[in-house]
Structures are given as C-alpha cells and as structure tokens.
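Structure first, then comments.
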Amino acid sequence: MRYISLTVLFYALILTAAAQENKRTDSLRSLGKISADTVIMEDVNTGEKRKVRIIVPGKDEGMITIEKSEKAYQYDSDDKQDGKRVSVTKDHPRKSYPIYGVTLSRIDLGLVKLMDNGSFSLSDDNDIFDYRRGKTVNFGFDVLQAGYRFNDQFRIFLSGGFDWTYIRLKGNYIFDPDIVPLTVVDDQTDIRNNRLTSTYLRLPLTFEFRSKNYSGMGRMRFAFGPEGGFLLKGTQRYRGADGKVKQRGDYAFNEFRYGAFARFGVGAFGIYAKYYFNDIFENSPQHAGLQNFTFGLMLGF
C-alpha cells in the first residue's frame, strides 16, 4: 500500500507542478517518458512542449523534486499539412524532408472570364458562348501531393485534384456531345439554365515561398507554377419543355490543357488566378483563340 500511495502521489505531483508552471491547469497533456526520470508535457492550446525531470529521492529527505528544462519545444501547427510531425528546439532548427500523402487543400471557388484572342469581348464567331458573368464559375481542389521541403520558407510539390468550369450560356444553343469540331445541333427558344461544363484532372507543380509564422496571423504564402489537366468529361445541362436534360460527352473540349497559376494568402485563406494557354475547344477552327482565365478565393494552402 505504501508503494501504491507513493506512485499515486508521484504522478499527481507531476501534473500539479507542470500545470502551476504554465498557469494553465487544464491545457497540458503528457506525451510520455523520454527517459527513466523525464517526461515531456505539451500545452494543448499553444503547442509548446517542456521537458520535466523528476528526481527521487529528492534533496530534502525523500521529497519529490521536479525540475523543468530551460529548453522550450515549439510545434508549428502549419506543418500538419505536410503530413509529417516535426519536433523543433532552439538548438535543432527545421530540416529538409520529403512531403507526400493524401490531402484536401487548395479548394478554389472563382469566376471565369472567357478570352477571345486576348480580349474579354467575344467575336462574332464565338458569340454563341456569350455567358452570364456572375454565374460562370470555377471550382476545384487537390487530393494528393508529393514533393520536397527544402527549408521552413521554401518547398516544391506536385499535386493532383479535380477542376470544374461551369459556363452559364445566355443563348439557347444545344451542342452535339461527340462531334469534333464543336457543332450546334439545335437552337431552341424555350430552354433555361443552359450550362456547358468541363471536368478535368488537374496536375499543378507548385513553387511555394512562406514567411515566418507571425503570432495571431499565420504565415504569408506566395505560390506559382505550371498546371496541366486531362479531360475527364464534358456535360451540357438545361431545362427544356419536357423538364431537365443532361447529356455527357467530350463536347470538343481540349483533351489536355496547360497553363499557369499564382496563389497568395495568409494562414489558410487566400486568392488565386489561373490562365490556360491553349484553346478551350480542340480542332475547332471557328472557335480558335477562345481561352479560359479564372480568379477567385481559395481555402487551405
């Protein structure tokens, strides 16, 4: 019984002393022992870690003595996005390491602007794509990433995800889903909500620079690079006299598109812009020079 009581008292004093030292009684948790007489305590609110040493018997006739290490262990929560947890001390700064794994990040939601040979005004040949500006949008996100983190400020990675472009057409044109070049098969007068959609597998190569982690703000980040994409499908949806209609096909969308992007943000929020260099439709000379420019908001670097 004496040893059981001493053990209970031993652990009770560990938690009590660590909590009083940080002045946050309910914010600490033990991460386990690192030696026979040493444990690491972590503040769950700030991520700060401290090494606590237990000396038994103590200096004062068998009393337990608790000593804290002078080194503070700080964990940066932003490192979770790299899929790897890093222990950092003042004497051991961050090192380079590979990054890889499943993610849900760079969630984009923005507006789409069609460019006709460098102009935001559509030519007569492309007038059939006259669209509703506020309802023509882009949505996308990344689900995989792999790359290398060179230091705390710079990393390079290739990611993979999905990207949708919804063109809300003003006209009542119905296109053939399988014919190249893109061909209008009907021009009805009683259809509504006419949308032409492309779905791509996107593969951006990102060069990312990050600032220091400012208290209360998070990191400022700037990223840019090339992006390629493979067509998964095209879709046209509209509401006709007989109800909703949905047709799938290629719709002469370019099977492979390529362009460039840029992102800027603070913490988890930011803005982005993308521009694709090749045409929206392939092997369609009448619609040559029609390209896609996108800008908007993003969540999650």
Side-chain angles (χ1 to χ4, degrees), residues 31 40 42-49 71-110 138-164 200-230 256-277 292-301:
L31 298 181
I40 290 181
E42 180 183 33
D43 189 315
V44 298
N45 293 328
T46 65
E48 182 181 1
K49 300 175 185 175
K71 295 179 181 179
Y73 291 73
Q74 184 67 36
Y75 171 68
D76 183 357
S77 61
D78 286 345
D79 292 339
K80 291 181 180 178
Q81 295 180 359
D82 292 343
K84 188 172 183 179
R85 187 181 181 96
V86 182
S87 295
V88 181
T89 69
K90 295 177 181 177
D91 297 334
H92 300 85
R94 291 180 177 87
K95 297 180 180 180
S96 58
Y97 56 83
I99 55 176
Y100 52 87
V102 178
T103 184
L104 179 59
S105 53
R106 294 168 286 279
I107 303 173
D108 300 333
L109 180 60
N138 167 252
F139 174 70
F141 55 84
D142 288 341
V143 294
L144 295 172
Q145 62 183 13
Y148 198 80
R149 178 172 181 164
F150 292 89
N151 52 50
D152 192 41
Q153 281 74 45
F154 179 64
R155 61 178 182 163
I156 299 175
F157 59 92
L158 176 68
S159 55
F162 302 96
D163 191 273
W164 292 266
Y200 279 85
L201 172 67
R202 72 182 194 185
L203 299 168
L205 177 63
T206 302
F207 300 83
E208 181 181 303
F209 297 88
R210 309 194 296 180
S211 70
K212 294 181 179 179
N213 193 358
Y214 297 104
S215 178
M217 287 184 57
R219 297 175 184 270
M220 287 191 297
R221 304 171 187 246
F222 175 67
F224 65 93
E227 178 178 313
F230 293 92
F256 177 76
R257 67 180 185 182
Y258 55 90
F261 69 91
R263 301 178 183 274
F264 175 78
V266 177
F269 300 94
I271 57 176
Y272 77 99
K274 295 190 291 185
Y275 176 69
Y276 296 101
F277 301 135
N292 184 341
F293 173 71
T294 302
F295 62 94
L297 304 177
M298 60 159 290
L299 172 65
F301 260 97

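- For F222, the ring-ring contact (aromatic ring centres under 6.0 Å, His included) criterion is met by F224, not counting sequence neighbours.
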So D163 and K274, side chain to side chain contact (heavy atoms under 4.5 Å, CB included) or not? Walk me through it. CA-CA 12 Å; D163 191 273; K274 295 190 291 185; 2.7 Å; yes

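- A salt bridge does not link R202 to E227: none of the charged nitrogens lies less than 4.0 Å from a carboxylate oxygen.
- Atom CZ of R257 and atom OH of Y276 lie 3.5 Å apart (nearest 0.5 Å).
- Taking the six-membered ring for Trp and the full ring otherwise, the centers of F207 and F209 sit at least 6.0 Å from each other.
- For CZ of F162, the number of neighbouring non-hydrogen atoms (other residues, nucleotides, ligands) closer than 6.0 Å is 12 at most.
- Across all non-hydrogen atoms, the minimal contact from L144 to V102 is CD2-CG2, 3.9 Å.
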Would you please test L297 and L109 for side chain to side chain contact (heavy atoms under 4.5 Å, CB included) and show each step? CA-CA 6 Å; L297 304 177; L109 180 60; 5.7 Å; no

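- Y272 and R263 are not linked by any side-chain donor-acceptor pair at a separation below 3.5 angstrom, with hydrogens and angles left out of the test.
- Nearest heavy-atom pair, G267 versus R221, reported as atom, atom and distance to 0.1 Å: O-NE, 3.8 Å.
- Under the 4.5 Å side-chain criterion, counting only non-hydrogen atoms from C-beta, I107 is in contact with F139.
- In this structure, F154 and F150 have parallel ring planes: the angle between them is below the 30° cut-off, well short of the 60° mark.
- Judged purely by atom type and a 3.5 angstrom limit, R219 uses its side chain to pair as donor or acceptor with the backbone of S211.
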Set out, in order, the CA-CA distance, both residues' side-chain angles and the distance that settles side chain to side chain contact (heavy atoms under 4.5 Å, CB included) for F295 and I271, then state yes or no. CA-CA 7 Å; F295 62 94; I271 57 176; over 6 Å; no

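- When all heavy atoms of Y148 and S96 are compared, the pair lying nearest together is OH-OG, 3.1 Å.
- Looking only at side-chain heavy atoms (C-beta outward), F141 and D108 stay at 4.5 Å or farther from each other.
- Among residue pairs with one or both ends in residues 96-106, those qualifying as salt bridge (charged side-chain N to carboxylate O under 4.0 Å, His left out) are R106-D142; sequence neighbours excluded.
- Applying the side-chain hydrogen bond (donor to acceptor under 3.5 Å, both in side chains) criterion to N292, with sequence neighbours excluded, gives T294.
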Can you list the steps and then say if T206 with F261 is a side chain to side chain contact (heavy atoms under 4.5 Å, CB included)? CA-CA 9 Å; T206 302; F261 69 91; 3.5 Å; yes

